[in-house]
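Input: a single structure, listed below in structure tokens.
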Amino acid sequence: MEAFRIEHADVRRDGKYILSDVSIKAEIGERIAIIGPNGAGKSTLVDVIDRRVYPLATERYKSSLFGEERWIVSELRVKIGHVSPSQDEFFRTTYTAREIVASGLHASLGFDFHHEIDPQDWEKADRELEKVSMLGKKDRTMNTLSTGEMRRVLLARAAITEPSILLLDEATAGLDFPSRADLRTTISNYATENRTIVMVTHELSEIIPAIDRIVLMKDGKIVMEGNKEETLREDILSDLYSRKVHVAEADGIYTAFC
């Protein structure tokens with residue numbers, strides 16, 4: 001079954017195309033990493049998949065999620081988990097880590113008068129916090145957590161609904177390399193056969209071994225797709241980034257440097 005399909009998406013802002021004729025699809029259980037230089041359109045593409053950004057309404061544009069073209073957005077929020085650096089300031093609140101994770105069940109920031117949280121919801125939040133090694137800090141307010149700790153909490157929040165699609169847009173940005181390695185292990189645990197994962201990253205070392213397909217983007221377009229061996233090559237990446245790129249691999253983890 002298809003997780004999502006995007007056909008001929010064009011996104012324009014201030015007269016400039018951010019995405020130009022982009023098409024991509026994924027099956028349930030497929031794992032994809034999207035890489036490319038700054039301004040390539042990677043984050044915008046993830047937002048299009050999540051229906052947070054809508055392309056131009058052209059005759060050729062089509063979009064479907066789980067085989068359906070039309071969805072109530074509130075229903076999608078429990079089927080798609082999304083972690084992005086753009087959430088950082090939004091979630092730096094005085095709500096506790098536990099409250100933020102539990103609020104993911106309602107696709108809300110914290111709770112309002114109409115939200116009902118029962119003991120099972122708190123138990124779910126605790127289980128997800130334990131998976132990301134944050135259970136011991138569940139009562140800390142979000143604005144007292146480090147960037148790495150907050151990203152772990154937001155990952156737990158995204159996963160609490162057991163989403164079929166997990167979108168990770170630079171989820172480890174700003175973390176030191178031991179923290180990135182720890183979070184990579186956590187993300188690997190979410191890579192099950194019935195969950196589609198889409199990662200956007202600037203660090204090849206963040207690409208978990210379970211990734212099936214690499215999508216290369218540049219100037220708002222997908223320029224190549226393939227497995228790691230086909231795409232994470234020095235000649236391919238040097239052309240993508242318009243400068244000489246060196247690639248190393250150890251135990252299935254890739255790194256790149258100029």
Side-chain angles (χ1 to χ4, degrees), residues 3-6 9 11 13 17-20 22-27 29-55 63 65 76 80-91 147-148 150-152 154-155 157-159 163-175 177 179-181 183-188 190-191 195-228 231-232 236-237 240-241 245 247 253-256:
F4 64 82
R5 177 185 289 265
I6 305 292
V11 175
R13 295 190 191 124
Y17 279 94
I18 308 301
L19 293 182
S20 180
V22 169
S23 298
I24 186 173
K25 65 178 181 178
E27 301 295 320
E30 191 172 4
R31 280 86 61 169
I32 300 169
I34 304 176
I35 64 173
N38 291 332
K42 304 181 298 295
S43 296
T44 300
L45 176 55
V46 169
D47 285 340
V48 168
I49 294 170
D50 200 20
R51 298 198 175 179
R52 296 176 187 269
V53 168
Y54 288 89
S63 171
L65 287 160
L76 282 181
I80 302 176
H82 195 160
V83 180
S84 167
S86 65
Q87 299 171 329
D88 286 2
E89 292 306 314
F90 187 62
F91 282 100
T147 298
M150 183 174 64
R151 294 279 167 76
R152 290 175 181 274
L154 294 183
L155 184 57
R157 180 181 184 275
S164 298
I165 300 175
L166 192 55
L167 304 174
L168 305 175
D169 184 2
E170 297 186 48
T172 63
L175 307 188
F177 63 87
S179 297
R180 287 203 304 268
L183 204 56
R184 184 177 63 227
T185 299
T186 301
I187 293 169
S188 295
Y190 290 124
R195 175 174 292 138
T196 300
I197 293 179
V198 179
M199 299 180 65
V200 170
T201 181
H202 285 291
E203 294 283 347
L204 297 193
S205 62
E206 296 175 5
I207 298 176
I208 61 176
I211 289 293
D212 307 300
R213 176 162 41 121
I214 307 293
V215 173
L216 278 58
M217 294 191 68
K218 187 175 184 178
D219 299 328
K221 298 180 179 180
I222 292 176
V223 296
M224 185 177 181
E225 297 184 58
N227 61 35
K228 296 172 188 174
T231 58
L232 301 183
I236 298 295
L237 296 183
L240 184 70
Y241 289 95
V245 176
V247 178
I253 301 299
Y254 289 76
T255 56

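Quantities reported herein were computed from a predicted structural model and do not represent experimental measurements.
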Quiz prompt | CG (Asp219) with more than 12 external heavy atoms under 6.0 Å | solution =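 No - once you tally the heavy atoms of other residues, nucleotides and ligands closer than 6.0 Å, there are 12 at most.
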Quiz prompt | Lys228 atom NZ, neighbour heavy-atom count above 12 within 6.0 Å | solution =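 Check passes, neighbour count above 12.
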Quiz item: Should Leu204 and Leu237 be marked as a side chain to side chain contact (heavy atoms under 4.5 Å, CB included) after you check the CA-CA gap, both sets of side-chain angles, and the distance that decides it?
Solution: CA-CA 11 Å; Leu204 297 193; Leu237 296 183; 3.9 Å; yes
Quiz prompt | Trace of the side chain to side chain contact (heavy atoms under 4.5 Å, CB included) decision for Ile80 with Arg51 | solution = CA-CA 10 Å; Ile80 302 176; Arg51 298 198 175 179; over 6 Å; no
Practice problem: Please list, chain by chain and in numerical order, all residues satisfying side chain to side chain contact (heavy atoms under 4.5 Å, CB included) with Ala181, sequence neighbours excluded. | Solution: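 Here the qualifying residues are Arg184.
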Please round to the nearest 0.5 Å and tell me the distance separating atom [atom1] of [X] and atom [atom2] of [Y].
X	Y	atom1	atom2	value
Ile24	Ile34	CD1	CD1	5.0 Å
Leu168	Arg31	CG	CZ	13.0 Å
Arg52	Leu167	CZ	CG	8.5 Å

Distance-only, no hydrogens or angles: does the [X] side chain make a donor-acceptor pair with backbone N or O of [Y] under 3.5 Å?
X	Y	value
Lys218	Leu240	yes
Thr201	Glu170	no
Glu203	Phe177	no
Thr196	Glu27	yes

Exercise. Name all residues meeting the side-chain hydrogen bond (donor to acceptor under 3.5 Å, both in side chains) criterion together with Arg5; count only those two or more places apart in sequence or in a different chain, and write none if there are none.
Key: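 Once residues adjacent in sequence are excluded, the partners of Arg5 under the side-chain hydrogen bond (donor to acceptor under 3.5 Å, both in side chains) criterion are Glu2, Glu7.
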Quiz item: Are side-chain heavy atoms of Asp47 and Val11 found at a separation under 4.5 Å?
Solution: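 With C-beta onward as the side chain, the pair stays apart.
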Self-check item: Matching residue for Val200 among Glu206, Lys42, Met217 - test: side chain to side chain contact (heavy atoms under 4.5 Å, CB included)
Solution: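 Exactly one option meets the side chain to side chain contact (heavy atoms under 4.5 Å, CB included) with Val200, and it is Lys42.
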Practice problem: List the atom of Gly29, the atom of Asp212, and the distance in Å for their closest heavy-atom pair. | Solution: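 Looking at all heavy atoms of both residues, the shortest contact is O-OD2, 4.1 Å.
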